[in-house]
Amino acid sequence: MTYSPTFSTSIHERHIAPQILADLNGENWSLSEYEQRGGYQALRKVLSSMTQDQVIAELKASALRGRGGAGFPTGLKWSFMPRTFPGQKYLVCNTDEGEPGTFKDRDILRFNPHIVIEGMAIAAYAMGVTVGYNYIHGEIWEVYDRFERALEEARAAGYLGDNLLGSGFNFQLHAHHGFGAYICGEETALLESLEGKKGQPRFKPPFPASFGLYGKPTTINNTETFAAVPWIIRNGGDAYLASGKPNNGGTKIFSVSGDVNLPGNYEIPLGTPFSKLLELAGGMRDGKKLKMVIPGGSSAPVVPADIIMESTMDYDSIAKAGSMLGSGAVIVMNETRCAVKSLERLSYFYFEESCGQCTPCREGTGWLYRMVHRIEHGAGRLEDLDELDRIAGNIMGRTICALGDAAAMPVRGFLKHYRDEFAYHVENKKCLVPQYV
């Protein structure tokens, strides 16, 4: 592998196939640049020589799993779409990237927007969908603007609109600008927002595949998921699977932040050792020791250094380590980071972002935050530790969407591995670790 810092001093990438963030800089995002790299060849192949079933079969063979967090098999998800449904069907891209530590999707749209457009057009063909939307997080306006310009280029070139490339297939794709609500990253809350309503999750069932946008069959995938599709079609599902590991096909973009020398986005094969990813990110900053890692975004349970250093970056290995790969947001913390202070900040985020629809989440997230805040500021009690675990357990699995679980899992993870720090705060009214910044 070769190393090439092509974004800025703080954003770096690895050049390995398949490439989503590859051979790009701030200006090489246009249609002509994308076509020079083989862009839209996969769409041409699909429209000229592949059936819908063949496209879905390639996705199933690739073992591509949803890159937004849940990790659900993409080809299987596409097969749920009722292709013979006589009315309108919809395709939605979830770019409502709002979880702390996650910043990959915005860079895909910033540096390679056409790969998402092509991936969505292929998905639309495979499922017989003629209208699609990309829901883009409200705090990244410049990315939204660039995607709109890419859409204009694609329409003018015949890659979107009526009669794509003379094939007789129609696909209209639109961008939708959200307003920064974290809850709209949940797929049904996203659909509510797209419909012009307050972004709150829906009860399931019915699931979006049967009752989605405007009550019609809808398939929703993450930005990175769609971006992986063109390479799979050009090179085959088996080749994509071979670049990862069984049940974990292909590459994954990891957003590495925290106490590393080179924070940024890194595209590596699934199954790569965490130690290698840490090396790519320049190692630990200031020569400090690794203490703990949140491997899949702020909602994933924390993993201590000794466990994560023995793990590989894939869905199964991280689950075995007691956490989740999630969105691939890797938050690295060194020996000076306080577990209580870290949890306090995370708990405040979920308290603030709860939509308030479900009582366990609405009341429980505030309860968790206030208790952790009390411990951090020297007013905690030892019985608070068991109470935190009990409250978190009563939230998990009792809400309409996974935000309640997202608030509870960090609490249980930190208590499991760093209970001594919480107890020290209670008993000594100060932090166990050296002064941190």
Side-chain angles (χ1 to χ4, degrees), residues 7-8 10-11 20-21 24-34 39-40 67-69 90-121 123-124 129 131-157 159-161 171-199 213-214 218-230 253 255 264-265 297 327-329 353:
F7 299 132
S8 69
S10 61
I11 302 294
I20 294 173
L21 292 172
L24 303 171
N25 61 41
E27 300 302 324
N28 293 343
W29 61 270
S30 66
L31 175 60
S32 61
E33 293 283 348
Y34 184 61
Y40 290 106
R67 299 306 198 226
Y90 294 100
L91 183 68
V92 176
C93 178
N94 185 346
T95 311
D96 190 57
E97 185 177 50
E99 183 156 4
T102 309
F103 47 88
K104 62 182 178 64
D105 293 342
R106 66 197 65 189
D107 268 3
I108 295 173
L109 293 189
R110 179 181 289 119
F111 296 108
N112 207 2
H114 282 283
I115 200 170
V116 179
I117 296 172
E118 184 178 15
M120 291 190 71
V129 176
V131 178
Y133 296 91
N134 187 2
Y135 188 101
I136 301 174
H137 188 69
E139 295 166 348
I140 49 173
W141 171 260
E142 76 285 356
V143 174
Y144 172 85
D145 183 63
R146 176 163 292 184
F147 189 74
E148 282 278 32
R149 285 186 282 161
L151 287 176
E152 292 174 3
E153 288 185 323
R155 293 186 188 109
Y159 296 124
L160 291 175
F171 180 55
Q172 306 290 341
L173 179 57
H174 311 281
H176 183 93
H177 195 239
F179 290 92
Y182 173 75
I183 192 64
C184 288
E186 196 280 333
E187 61 180 18
T188 60
L190 185 155
L191 295 179
E192 289 287 290
S193 179
L194 265 177
E195 293 177 3
K197 295 178 285 187
K198 182 178 180 179
L213 186 63
Y214 303 118
T218 304
T219 295
I220 308 163
N221 282 121
N222 171 259
T223 314
E224 186 184 354
T225 309
F226 284 122
V229 171
I253 299 174
S255 301
N265 285 314
S327 61
E353 293 294 337

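Predicted, not measured: the structure shown is a model, and the values here were computed from it. Worth knowing before you read on, the calculation uses all heavy atoms, side chains too, and leaves out hydrogens, waters and symmetry mates.
The salt bridge (Lys or Arg N to Asp or Glu O under 4.0 Å) test applied to Arg155 returns no partner, not counting sequence neighbours. Residues passing the side chain to side chain donor-acceptor pair (under 3.5 Å) test with Glu153 are His114, sequence neighbours excluded. Listed by chain and residue number, Phe103, Lys104, Asn265 satisfy the side chain to side chain contact (heavy atoms under 4.5 Å, CB included) test with Ser255 (two or more places apart in sequence, or in another chain). In this structure Glu139 satisfies the salt bridge (Lys or Arg N to Asp or Glu O under 4.0 Å) test with no other residue, sequence neighbours excluded. Checked against ring-ring contact (aromatic ring centres under 6.0 Å, His included), Tyr159 has the following partners two or more places apart in sequence or in another chain: Tyr40. Applying the side chain to side chain donor-acceptor pair (under 3.5 Å) rule to Tyr144 yields the partners Glu148; only residues at least two apart in sequence or on another chain are considered. Under the side chain to side chain donor-acceptor pair (under 3.5 Å) criterion, Glu186 pairs with Thr188, Lys204, not counting sequence neighbours. Every residue meeting the side chain to side chain donor-acceptor pair (under 3.5 Å) condition with Thr102, not counting sequence neighbours, appears here in chain and number order: Ser327. Judged as a ring-ring contact (aromatic ring centres under 6.0 Å, His included), and not counting sequence neighbours, Phe179 has no contacts. Scanning for ring-ring contact (aromatic ring centres under 6.0 Å, His included) contacts around Tyr135 gives His176, with sequence neighbours left out. For Gln172, the side chain to side chain contact (heavy atoms under 4.5 Å, CB included) partners two or more places apart in sequence, or in a different chain, are Asp162, His174. Residues meeting the side chain to side chain contact (heavy atoms under 4.5 Å, CB included) test with Asn94, sequence neighbours left out: Asp96, Leu190, Ile220.
Of all the heavy atoms in Leu31 and Ala157, the pair that sits closest is CD2-CB, 3.6 Å. Nearest heavy atoms, Gly68 versus Thr225: N-OG1, 4.4 Å. Of all heavy-atom pairs spanning Pro100 and Ala329, the tightest one is O-CB, 4.5 Å. When all heavy atoms of Met120 and Val92 are compared, the pair lying nearest together is CE-C, 4.3 Å.
One N or O on the side chain of Glu195 and one on the backbone of Tyr214 form a donor-acceptor pair closer than 3.5 Å.
The line from OG1 of Thr219 to CD of Glu187 is 9.5 Å long, rounded to the nearest 0.5 Å. Residue Asp105 holds its CG atom at 4.5 Å from CG of Asn222, rounded to the nearest 0.5 Å. Going from atom CD1 of Ile117 over to atom CG of Leu109 covers 8.5 Å, rounded to the nearest 0.5 Å. Between the CD1 atom in Ile136 and the SG atom in Cys93 there is a gap of 7.5 Å [rounded to 0.5 Å]. A distance of 13.5 Å separates CG of Leu151 from CZ of Arg146, quoted to the nearest 0.5 Å. Atom-to-atom distance recorded for Arg149:CZ and Asp145:CG is 5.0 Å, nearest 0.5 angstrom.
When only modelled atom types and interatomic distance are considered, Thr95 and Asn134 share a side-chain donor-acceptor pair under 3.5 Å.
Residues Glu97 and Thr223 have side chains not in contact (no heavy-atom distance under 4.5 Å, counting atoms from C-beta outward). Phe171 is listed as a side-chain neighbour of Leu91, based on a closest heavy-atom distance under 4.5 Å. The shortest distance between side-chain heavy atoms of His177 and Trp141 falls below 4.5 Å.
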